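See below for the structure under consideration.
Keep in mind that this is a model prediction, so the values were computed, not measured. Every chain is numbered from 1 and lettered A, B, ... according to where its sequence line falls, protein lines coming before strand lines.
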Protein chains: 2
Amino acid sequence: MPKPVVPEEKRRRRRPTRSGTVLSESLIVETALRLLREHGSAGLSARRLGLALDCDPSTLYRYFRGMDDLTLAIGDALVGQALRGWGPTGSWRADLRTVGLRIHAAYVAHPQAALVTANRVTGRPHELAADEAVLDVLRRAGFPPADTVRIYHAFIDQTLAFATLDAASLALPSAALSADDAMWRSTYARLPAATHPRIAEAAPLLATRMVTSAYPTALDMLLDSAAAQLAALGERTD
Amino acid sequence: MPKPVVPEEKRRRRRPTRSGTVLSESLIVETALRLLREHGSAGLSARRLGLALDCDPSTLYRYFRGMDDLTLAIGDALVGQALRGWGPTGSWRADLRTVGLRIHAAYVAHPQAALVTANRVTGRPHELAADEAVLDVLRRAGFPPADTVRIYHAFIDQTLAFATLDAASLALPSAALSADDAMWRSTYARLPAATHPRIAEAAPLLATRMVTSAYPTALDMLLDSAAAQLAALGERTD
DNA sequence: GCCTTATGCCAACACCATTGACCTTATACG
DNA sequence: CGTATAAGGTCAATGGTGTTGGCATAAGGC
């Protein structure tokens, strides 16, 4: 029975697969990312993954408890690659801005993977490291614990929420199945002004603006508010 | 072959199913919503839906092109029920706030359904009506077309993004499969201060705050910014 | 060089969406 | 009022999915 999954660091015997390739947690995750990119967000399956790795699908259950566990690992890989090589500079506002944009960019760079792993709390190492980093930046900036947690909450939720939303709009049109993109041209752009005057009026502007992300604007607004709060705190203690 | 889907308004002959119930598009969508609530976001399938409606699964393909088409209909039903009975009051800021909170609330009220239909542009009637309403509120408030579209974009994306995020955190714990909620208690709450001091320090505050939504705060910040822009516009033309 | 056991493989199970052919019955029209 | 028509419900089959129990084998510690 394949139940007791051996964690990566405990692995000793690396028996090669029939065709000679040696499996590992990271190799599986990377291959899954490739499959997602090539075949769309619905193109990841145990069978296809086994085919790509040239191993039996059931072998994957030696590394992950199930496909759900695998998707969590994929999500953590995204966070890890977002913050790889990053370190705090000392300017809390610049740091938070960079972290937010990096996470957002990592998701948007792998839209199909982002869709699969969206909105999940993985509790895996890279996610924990990111949370710790954001909390540390805020505390060092001078925010008391309560404000730190409140701002952290808004910051991380807004980042993940926009990352998912933007990833979705990038992933769906490329998938041949869904015609969300065509919807814009076929439905919105040719609505009669009689029934939908505002949409008809705005159609050209909408077409150019809706393809960009509103995240940077929202992020800066959040940081504005945080800076104002910090200033108010400083005045009171002075 | 069940290909040519007849739209609801063209239906004439309503032949009852084997057990006597008469199908309709809305009945199917309502039943799907119930199934989603009862069996979680993965519990919606053509077979189960057929079982609940006491009809053959293939019958559904007379009403929808496929499960994807059905999920779009579910999403539009959510938007429709969010704005049912709503009308503009004349105060653009209050109106936008109400619309945002209503849509957010409708998603959060059906978290499993929200997850399934999340991040999709349906192009269906209720969605079009909501877009038209938001654009109309902004234009009547005095925003020029360009600002209207920019604010509309930020507003609608922020609302949908947070709605999806919050729905996800509500839907997942109830699903017996995923242990995202347990993750908070099992992993975050008992992280050693040696490796993750900031998380350990903030754990109690995090536990109480992370269960609420950050959307209202973010929404008010967006409306603040919009109000400031409108005021600046007014000064210039005076 | 042996023994243990981690780990890859096989076969099978239960579920899923989707489709083509068939049949039945509600309606439209003569 | 009767009959033709086709909308729409049903059946059966196809090829996909995740997952698991049992088995075989080779890697590594001794």
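Atom pair Arg62(B):CZ and dT18(C):P shows a separation of 15 Å (rounding to whole Å applied). The interatomic distance linking Leu23(B) (CG) with dG9(D) (C1') rounds to 8 Å, in whole Å. If you measure from atom CG of Leu60(A) to atom P of dG18(D), you get 9 Å, rounded to the nearest angstrom. Regarding Ile28(A), its CD1 atom lies at a distance of 11 Å from the C1' atom of dT7(C), rounded to whole Å. Taking atom CG on Leu27(B) and atom C1' on dG8(D), their separation rounds to 15 Å, with Å as the unit. Nucleotide dG18(D) holds its C1' atom 12 Å from the CG atom of Leu44(A), rounded to whole Å. In this structure, the OH atom of Tyr61(A) is 17 Å from the C1' atom of dG22(D), given to the nearest Å. Taking atom CG of Leu70(A) as the reference point, atom P of dT17(D) lies 15 Å away to the nearest angstrom.
Not a single side-chain hydrogen bond (donor to acceptor under 3.5 Å, both in side chains) links Arg102(B) to another residue, sequence neighbours left out. Looking at residues two or more places apart in sequence or on another chain, you find no side-chain hydrogen bond (donor to acceptor under 3.5 Å, both in side chains) involving Glu132(B). By the ring pair (Phe, Tyr, Trp, His ring centres under 6.0 Å) test, Tyr107(B) pairs with no residue at all, sequence neighbours left out. Ala113(A) meets the side-chain contact (heavy atoms from CB on, under 4.5 Å) test with Leu33(A), Leu36(A), Ile74(A), Leu78(A), His110(A); sequence neighbours excluded. The side-chain contact (heavy atoms from CB on, under 4.5 Å) check on Ala52(A) picks up Thr31(A), Arg34(A), Leu35(A), with sequence neighbours excluded. With sequence neighbours excluded, the residues forming a side-chain hydrogen bond (donor to acceptor under 3.5 Å, both in side chains) with Thr159(A) are Tyr215(A), listed by chain and number.
For the contact set between residues 48-56 of chain A and DNA chain C, defined by any heavy atom under 4.0 Å, the members are Cys55(A), Asp56(A).
Relative to the side chain of Ala46(A), the nucleotides dG18(D), dT18(C), dC9(C) differ in distance, and dG18(D) lies closest. Across dC23(D), dG9(D), dT10(D), the shortest atom-to-atom separation from the side chain of Tyr63(B) is found for dG9(D).
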Using a cutoff of under 3.5 Å, can you pull out all pairs of nitrogen or oxygen atoms linking the protein to nucleotides 14-16 of chain D, with atom names and distances?
none

Do Tyr152(A) and Asp131(A) pass the side-chain hydrogen bond (donor to acceptor under 3.5 Å, both in side chains) test, and can you show the C-alpha distance, the side-chain angles, and the key distance before you say yes or no?
CA-CA 8 Å; Tyr152(A) 156 82; Asp131(A) 294 338; 3.2 Å; yes
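Taking both residues in full, the closest heavy atoms of Ser24(B) and Tyr63(B) are given as CA-CE2, 4.0 Å, listed atom of the first, atom of the second, then distance.
Taking only side-chain nitrogens and oxygens, Thr59(A) never comes nearer than 4.0 Å to OP1 or OP2 of dT7(C).
For the salt bridge (charged side-chain N to carboxylate O under 4.0 Å, His left out) condition, the pairs that include at least one residue of residues 150-159 of chain B, sequence neighbours left out, are Asp147(B)-Arg150(B).
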